[in-house]
Enquirer: 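Take a look at this one; I'll ask things after.
Just so it is clear, the model here is predicted, and its values are computed rather than measured. All values below come from the heavy atoms of this structure, side chains included, with hydrogens, waters and symmetry mates left out. Numbers here are sequence positions counted from 1.
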Amino acid sequence: MGLRQSRIREKKDSYEDQMGWTVTQQVLEPFEDLESQESDILTHQCSMCGSIMQIPHPKRERYKVICAYSECGHEDMIGF
């Protein structure tokens, strides 16, 4: 038994394997830290009854939150 081949072809292989990083001229925008941005709504839990309220972010360091639950009405002083 033997192998037969009618003719030998000398065709070059045009496949090129490329691995690794590629270089582009695209400039990416700087990453913005989402945690540094203050939200407009603050979540507060009443210290008396435990109900959770969402209040607008206060403009001062010291503020007072009155519980929205009708039977409680407790006032939490924050920053005093």
Side-chain angles (χ1 to χ4, degrees):
M1 294 192 79
L3 294 174
R4 285 200 225 169
Q5 187 172 358
S6 62
R7 60 185 160 173
I8 298 175
R9 296 182 182 150
E10 296 195 18
K11 184 178 178 183
K12 290 188 176 183
D13 189 12
S14 64
Y15 176 78
E16 292 181 15
D17 190 17
Q18 296 179 359
M19 295 180 65
W21 296 95
T22 59
V23 178
T24 63
Q25 298 298 327
Q26 181 181 7
V27 177
L28 299 176
E29 296 294 323
F31 179 73
E32 295 180 14
D33 191 13
L34 297 177
E35 294 179 9
S36 66
Q37 297 175 353
E38 294 183 18
S39 63
D40 295 336
I41 297 175
L42 183 69
T43 304
H44 175 75
Q45 184 174 11
C46 179
S47 61
M48 183 68 80
C49 67
S51 63
I52 297 176
M53 300 166 278
Q54 291 184 343
I55 59 172
H57 192 74
K59 297 178 182 171
R60 303 179 192 156
E61 286 185 28
R62 298 193 235 173
Y63 56 97
K64 174 173 56 173
V65 178
I66 301 172
C67 184
Y69 187 57
S70 61
E71 294 179 11
C72 179
H74 179 70
E75 295 180 358
D76 281 331
M77 305 293 245
I78 300 173
F80 286 97

Enquirer: How long is the span from the SG atom in C67 to the CD1 atom in I52, to the nearest 0.5 Å?
Expert: 11.0 Å
Enquirer: Could you grab the distance from atom CZ of R60 to atom CD1 of I78, nearest 0.5 Å is fine?
Expert: 13.5 Å
Enquirer: Using side chain to side chain donor-acceptor pair (under 3.5 Å) as the criterion, point out the one residue from H44, K64, Q45 that pairs with D76.
Expert: H44
Enquirer: Does H57 offer a backbone N or O that forms a donor-acceptor pair with the side chain of D40 under 3.5 Å?
Expert: no
Enquirer: Of all heavy-atom pairs between P58 and L42, which one has the smallest distance, and what is that distance?
Expert: CD-CD2, 3.9 Å
Enquirer: Please round to the nearest 0.5 Å and tell me the distance separating atom CE of M48 and atom CD of E71.
Expert: 13.5 Å
Enquirer: Apply the side-chain contact (heavy atoms from CB on, under 4.5 Å) test between H74 and each candidate in S51, C46, C49; give the one that qualifies.
Expert: C46
Enquirer: Take V65 and M53 through the side-chain contact (heavy atoms from CB on, under 4.5 Å) test and state the conclusion after the steps.
Expert: CA-CA 9 Å; V65 178; M53 300 166 278; 4.1 Å; yes
